[in-house]
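Computed over heavy atoms, backbone and side chain alike; hydrogens, waters and symmetry mates excluded. A quick note: this is a predicted structure, and the numbers were derived from the prediction, not measured.
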Amino acid sequence: LNEILKQTALEFNQKFVGQTVKVLVDEERNGWCLGKNEQFITVKFKAAGLLGKFAQVKIKEAKPFGLNGEYVR
């Protein structure tokens, strides 16, 4: 069942690759920001000083339980 969930989540998350999404940053650590997009998917990207703010992030990689991206603004 866990493998089915991982595969289904990965397929859904892959739809975001190449898109720029709005992320609310709720955590910062070691030069990385983590936050949630409008679908409540965790997004990780390199930036600092954005805690509690919205950021535009271009999604570069999809994982089963999150997205990795590049800070745009």
Side-chain angles (χ1 to χ4, degrees):
L1 188 56
N2 283 335
E3 289 305 314
I4 293 170
L5 177 60
K6 278 184 181 177
Q7 186 60 37
T8 302
L10 178 60
E11 288 171 9
F12 179 78
N13 289 348
Q14 285 173 333
K15 296 174 186 177
F16 293 98
V17 174
Q19 293 184 25
T20 299
V21 298
K22 184 177 178 181
V23 176
L24 176 59
V25 178
D26 59 13
E27 187 175 344
E28 282 187 7
R29 65 178 115 129
N30 301 323
W32 290 91
C33 289
L34 291 104
K36 303 277 193 226
N37 70 358
E38 293 175 339
Q39 290 75 24
F40 300 102
I41 300 169
T42 299
V43 180
K44 180 179 176 182
F45 60 98
K46 198 151 189 70
L50 298 173
L51 188 62
K53 297 179 182 174
F54 286 101
Q56 293 292 319
V57 179
K58 183 164 185 171
I59 303 303
K60 299 290 186 177
E61 179 184 21
K63 298 201 170 204
F65 299 109
L67 301 165
N68 292 338
E70 180 178 286
Y71 177 62
V72 176
R73 61 176 171 88

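- Within 6.0 Å of atom NZ in Lys46, more than 12 heavy atoms from other residues, nucleotides or ligands are found, so the atom counts as buried in its surroundings.
- Not a single donor-acceptor pair under 3.5 Å links the side chain of Gln14 to the backbone N or O of Ala62.
- Cys33 and Ala47 get closest at one heavy-atom pair: SG-O, 3.4 Å.
- In summary, the side chains of Gln7 and Glu11 do present a donor paired with an acceptor at a separation below 3.5 Å, with no hydrogens or angles considered.
- Across every non-hydrogen atom of Val72 and Lys58, the tightest pair is CG2-N, 3.7 Å.
- With values rounded to the nearest 0.5 angstrom, Lys44 atom NZ is found 6.5 Å from Asn68 atom CG.
- Nearest approach of Glu70 to Phe45, heavy atoms of both residues: N-CB, 4.4 Å.
- Side-chain heavy atoms closer than 4.5 Å link hydrophobic residues (I, L, V, M, F, W, Y) into clusters, and following such links, possibly through other members, connects Phe12 to Val57.
- Residues Val17 and Glu61 are not in side-chain contact: their nearest non-hydrogen atoms beyond the backbone lie 4.5 Å or more apart.
- With values rounded to the nearest 0.5 angstrom, Gln56 atom CD is found 9.0 Å from Tyr71 atom OH.
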Note to self: For Val43 and Ile59: C-alpha separation, side-chain torsions, deciding distance, then whether side chain to side chain contact (heavy atoms under 4.5 Å, CB included) applies.
What the structure shows: CA-CA 8 Å; Val43 180; Ile59 303 303; 3.9 Å; yes
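- Using a distance-only test at 3.5 Å, with no hydrogens or angles considered, no donor-acceptor pair links the side chain of Glu27 to the main chain of Gly35.
- We find the NZ-NZ distance between Lys63 and Lys6 to be 11.5 Å, quoted to the nearest 0.5 Å.
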Item checked: Stepwise side chain to side chain contact (heavy atoms under 4.5 Å, CB included) check, Ile41 with Phe16 -> CA-CA 10 Å; Ile41 300 169; Phe16 293 98; 3.5 Å; yes
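- Lys22 is not listed as a side-chain neighbour of Asn37, based on a closest heavy-atom distance of 4.5 Å or more.
- Using a 4.5 Å heavy-atom cutoff, the side chains of Val25 and Leu34 are not in contact.
- Within the 3.5 Å criterion, the main-chain N or O of Pro64 finds a donor-acceptor partner in the side chain of Asn13.
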